[in-house]
Amino acid sequence: MAINIRINYKAIVRILGIILFIIGLSMVIPWIYAEATGDVSAAWAFRKCAPPTIVIGGLASFVLRAPDARFRAREGYIVVAASWVLATLVGAFPYFLSDFTSSYVDAIFESASGFTTTGCTAVANAFLSKSLMLWKAISHWLGGMGILVFVISLLPALGINGQMIARAETPGPVMEKMTVRMSDSAKVLYVTYLSLTIFEFLMLIASEKMSVFDAVVNTLGSISTGGLMVHPEGIAYYDSMYIEIIISTFCILSSINFILYHYAATGKFSYVLKDIELRAYLIIIGGSIAICTIGLALQSDLAFGEALRESFFQVISMATTSGYTRSPYTIWPAVCQMTLITLMFIGGCAASTSGGIKMVRVLVMLKLIWRGCTKRIHPRSVVAVKVGGSAISAPVVSQITVFILMYMMIFLMSCLIVSLQGLDMETTVTTTLAMISNTGAGFGEAASLGNFSMFHPALKLYLSALMIVGRLELFTIIILFTRNFWGRDR
């Protein structure tokens, strides 16, 4: 007996149209900048990309009317996966048409790096023009909180339930609703995101060493934890402790749970102070800074103060998955490098702009290991997995366990695939980790070259897909390839 699978295609196409429309409007900003600064190649590229993107997106979103059919979990996952793939493919054209990349594959890698806030490049011996750099910074900002979180706030006008999309797209194991309606929650998140963006820009522009353009790009890059660098020398170009502290601070602010800002704004400071994930995250960052500072001070020629400065910035960069660089961390002592790699695995907090496994999942797994040890000693005891004094339900613990196992399985499988390039172990493993964690900072040959141009085009496409899979918390993409997802109407 054939199974009738009903999918609300018109609603899906309409949401994808909104995504296209937003991307097209976003291209107008670097387009105007390119025309004003005489960046001929970039201006020509945006001239070819922006108008058709706006028109097609506008027609799909404002002309097509979605039926009253139910918008279910299946449509939510399809929309999220399709939106990120569509954004990557469309966002690649400015890089390709401006001749910054020699192939569309490299342009796809560049675009995926932008929207997933990975912040790396596959182009050798080239640096983005200011117009393209502005476009990549904007794509960082759009991808940081997630384009769809903004779209969710528009969905009630379309008669579509946005909670299904939020469940599939928002980073972290859970998506708490701060307000009664999901669309209102999305608006609160974006108001917070925009407020932090404006605040950081004003603080960076106050520095005499940073121009308006640099302040814009660094703000969009750090708020999104994308880590886009304006100059080849990285943050070291400015040689300013003030700038380093500001960027580091806002990277941390963007890597903690955004729901805490809502609690703080509504006077619920006790929720913020008691948040075990935030406390554990800050403790790990502080401990990592101490380890790297001591390691650098003892095993290098750096004075303690300089070692502290180097460690402070690089540790926060890796812990927030921003991927900024200030110094050649690949020549640091082994204990420092292993600390940085561990931080790349952990990542930031749930419901933040950072990547990685997420701190709350690590906490739950540590509690689960502790419970296993306790049950060995007291087999008849009933021990709940608690985080912050609250017991975690068995289904949530199961979901987190499955996620971490899936994360490690995809990581190891990807290491095997990337090893087909024939590079050394350090480059292979850290490149894979840089992609799936959305950090973008590699070790080995990738670090020495400052890019990932050494990979075969097929592997570049795979790494691009890995960025998207990591950004969307694995299951949003993986579930599309399961038989049960398509097997019956749901």
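The CE atom of Met318 lies 10.5 Å from the CZ atom of Phe313; values are rounded to the nearest 0.5 Å. To the nearest 0.5 Å, atom OH of residue Tyr242 and atom CD1 of residue Ile246 are 4.5 Å apart.
For CZ of Phe199, the number of neighbouring non-hydrogen atoms (other residues, nucleotides, ligands) closer than 6.0 Å is 12 at most. Lys375 NZ: more than 12 foreign heavy atoms inside a 6.0 Å radius. More than 12 heavy atoms of other residues, nucleotides or ligands sit less than 6.0 Å from atom CZ of Phe411.
For the pair Arg361 and Phe403, the cation-pi criterion (under 6.0 Å, within 45° of the ring axis) is fulfilled.
Side-chain contact check for Gln337 and Thr330: no donor-acceptor pair (N or O, by modelled atom type) lies under 3.5 Å.
Looking at Leu302, Leu296, Thr339, Ile291 one by one, the single match for side chain to side chain contact (heavy atoms under 4.5 Å, CB included) with Ser311 turns out to be Leu296.
Comment: Lys358 does not engage Glu277 in a salt bridge, judged by the lack of any side-chain N to carboxylate O separation of less than 4.0 angstrom. Between Arg326 and Glu233, no side-chain nitrogen of the basic residue sits less than 4.0 Å from a carboxylate oxygen of the acidic one, so the salt-bridge criterion is not met.
Judged as a side-chain contact (heavy atoms from CB on, under 4.5 Å), and not counting sequence neighbours, Leu420 has no contacts.
Considering only heavy atoms from C-beta on, Ser26 comes within 4.5 Å of Trp135 through its side chain.
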